[in-house]
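For reference, the structure discussed in these notes is given below.
So you know, we letter chains A, B, ... as the sequences are listed, proteins then strands, and number each from 1.
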Protein chains: 2
Amino acid sequence: MISSNELLRGTLRTIVLKLLYEYGRMYGYEITQKVKDLSGGEIQLTFGALYPTLHKLEKEGVLSTTSEVVDHRSRKYYELTETGEATASTKIEEYFAFIGNMNKIMSAQSNIA
Amino acid sequence: MISSNELLRGTLRTIVLKLLYEYGRMYGYEITQKVKDLSGGEIQLTFGALYPTLHKLEKEGVLSTTSEVVDHRSRKYYELTETGEATASTKIEEYFAFIGNMNKIMSAQSNIA
DNA sequence: TTAGTATATATAATTTTCTTATATATGATT
DNA sequence: AATCATATATAAGAAAATTATATATACTAA
């Protein structure tokens with residue numbers, strides 16, 4: 001599993017914003033499971049990184065929350081605010097632009113014939 | 001320019017190892033220019049991040065150095081050691097695996113028909 | 001002549017981010 | 001009774017990056 005890969009650094013916000021942009025309301029635990037599922041078990045977010053990030057995004061006005069109790073357990077649902085939608089959209093575009101540039105570097109070949 | 005993009009975090013070692021794997025000997029400044037060129041000016045490494053990383057890789061035995069004076073300026077060339085070649089090869093593979101998994105997440109679509 | 005740009009390396013202080021550990025609580029399974 | 005899965009939260013410490021600063025040579029433009 002790739003979860004502790006250094007490449008995961010810096011991708012957390014982008015992942016959270018993409019999933020909420022796509023799926024609407026999600027709670028923290030659900031986000032970790034979705035990432036695990038989509039990546040075939042290869043990428044696993046840690047709670048120690050995820051929850052502080054969610055709290056920070058809420059504080060910044062990017063996300064809003066609603067709490068619910070399901071099966072006697074409390075869940076805290078997060079969703080994008082209006083400004084959050086724009087932030088997410090921008091971040092998603094930036095992701096693909098960045099990967100494009102990274103791939104240019106990572107596919108570079110020296111001119112040895 | 002994307003240089004201050006948070007996505008750049010965690011990619012520095014991978015970039016350095018890839019370029020040295022491909023081009024052989026390079027010095028620090030040259031690495032920053034190569035990255036800038038390959039990315040069409042979009043990605044710019046900072047010296048404050050690059051030099052400590054190069055020093056750390058040398059300390060770990062991944063890189064070896066030779067100093068030269070060119071045009072009255074000193075250059076410190078870095079190259080992969082034998083173990084460094086293996087490290088680089090692994091890191092490059094890990095990069096593509098990671099990007100594959102990230103793209104699964106970043107291309108996810110909800111099933112709204 | 002002096003100011004700015006380019007080349008070249010280095011480090012220190014601070015900030016940000018992440019890992020790891022810990023805490024709490026319920027429900028289901030072994 | 002113990003373990004695993006669900007669910008959130010925070011704190012301590014480590015790692016990595018940003019920003020600022022320092023040093024030095026060469027070239028160009030005002």
Side-chain angles (χ1 to χ4, degrees), chain A residues 1-17 25-37 41 43-60 62-79 91 98 102, chain B residues 1-17 19 25-37 41 43-60 62-78 91 98 102:
Chain A
M1 152 166 61
I2 280 178
S3 62
S4 64
N5 192 307
E6 67 185 13
L7 293 169
L8 194 59
R9 279 179 174 271
T11 63
L12 189 49
R13 269 172 180 255
T14 301
I15 289 173
V16 167
L17 294 176
R25 288 170 89 230
M26 291 184 92
Y27 54 99
Y29 188 82
E30 188 184 12
I31 291 172
T32 65
Q33 295 311 109
K34 193 54 136 179
V35 166
K36 196 177 168 185
D37 286 355
I43 297 181
Q44 251 179 278
L45 304 183
T46 60
F47 298 117
L50 178 61
Y51 288 119
T53 295
L54 288 171
H55 300 162
K56 196 176 287 182
L57 288 169
E58 188 187 5
K59 205 173 172 185
E60 290 171 7
V62 174
L63 304 181
S64 63
T65 61
T66 47
S67 289
E68 280 182 33
V69 175
V70 179
D71 287 329
H72 304 282
R73 290 196 205 84
S74 68
R75 286 180 183 170
K76 198 164 157 186
Y77 280 94
Y78 289 86
E79 62 186 319
K91 283 276 180 193
F98 179 77
M102 268 301 285
Chain B
M1 156 164 57
I2 280 178
S3 62
S4 64
N5 192 306
E6 66 187 10
L7 292 168
L8 193 59
R9 279 176 176 271
T11 63
L12 190 49
R13 269 171 180 254
T14 301
I15 289 173
V16 166
L17 294 176
L19 292 185
R25 288 170 89 230
M26 291 183 91
Y27 53 100
Y29 187 83
E30 189 183 12
I31 291 172
T32 66
Q33 295 311 109
K34 193 53 134 178
V35 166
K36 194 177 170 186
D37 285 356
I43 298 180
Q44 252 177 277
L45 304 183
T46 58
F47 298 116
L50 179 61
Y51 288 119
T53 294
L54 288 171
H55 300 162
K56 195 175 288 182
L57 288 169
E58 188 186 5
K59 206 173 172 183
E60 289 172 7
V62 174
L63 304 181
S64 63
T65 61
T66 46
S67 289
E68 281 182 32
V69 175
V70 179
D71 287 328
H72 305 283
R73 291 196 204 86
S74 68
R75 286 180 183 172
K76 199 164 157 187
Y77 280 94
Y78 289 86
K91 283 276 178 193
F98 179 77
M102 269 300 287

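- Put simply, the residue from B/T11, B/T53, B/I31 that forms a side-chain contact (heavy atoms from CB on, under 4.5 Å) with B/L45 is B/I31.
- To the nearest angstrom, P of D/dA17 lies 13 Å from CG of B/N5.
- The side chain of B/H72 places an N or O atom within less than 4.0 Å of a non-bridging phosphate oxygen (OP1 or OP2) of D/dA26.
- Look at CZ on A/R13: it is 15 Å from C1' on D/dA17, rounded to the nearest Å.
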- Derivation and outcome, side-chain contact (heavy atoms from CB on, under 4.5 Å), residues B/E6 and A/L12: CA-CA 10 Å; B/E6 66 187 10; A/L12 189 49; over 6 Å; no
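- Listed by chain and number, the residues in a side chain to side chain contact (heavy atoms under 4.5 Å, CB included) with B/R73 are B/D71 (sequence neighbours excluded).
- Remark: C1' of C/dA6 and CG of B/D37 are 14 Å apart, rounded to the nearest angstrom.
- Residue A/Q44 contributes atom CD, which lies 16 Å from atom P of C/dC18 at whole-angstrom precision.
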- Contact letters for nucleotides 6-15 of chain D, in which S counts primed atoms plus P, OP1 and OP2 and B counts the base, heavy atoms under 4.0 Å: BSBBB-----
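- By the ring pair (Phe, Tyr, Trp, His ring centres under 6.0 Å) test, A/Y29 pairs with no residue at all, sequence neighbours left out.
- Note: NZ (B/K36) to P (C/dT5) measures 13 Å, nearest angstrom.
- For the side-chain hydrogen bond (donor to acceptor under 3.5 Å, both in side chains) with B/T65, the lone residue among B/E58, B/R25, B/K76 that qualifies is B/E58.
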- Would you sort out whether B/M102 and A/I15 count as a side-chain contact (heavy atoms from CB on, under 4.5 Å), showing the intermediate values? CA-CA 8 Å; B/M102 269 300 287; A/I15 289 173; 3.7 Å; yes
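- Across the protein-nucleic acid pair, A/L45 atom CG and C/dT20 atom C1' stand 16 Å apart, rounded to whole Å.
- Taking atom CG of residue A/L8 and atom P of nucleotide D/dA16, one finds them 13 Å apart after rounding to whole Å.
- Between the C1' atom of C/dA8 and the CG atom of B/L50 lies a distance of 12 Å, rounded to the nearest Å.
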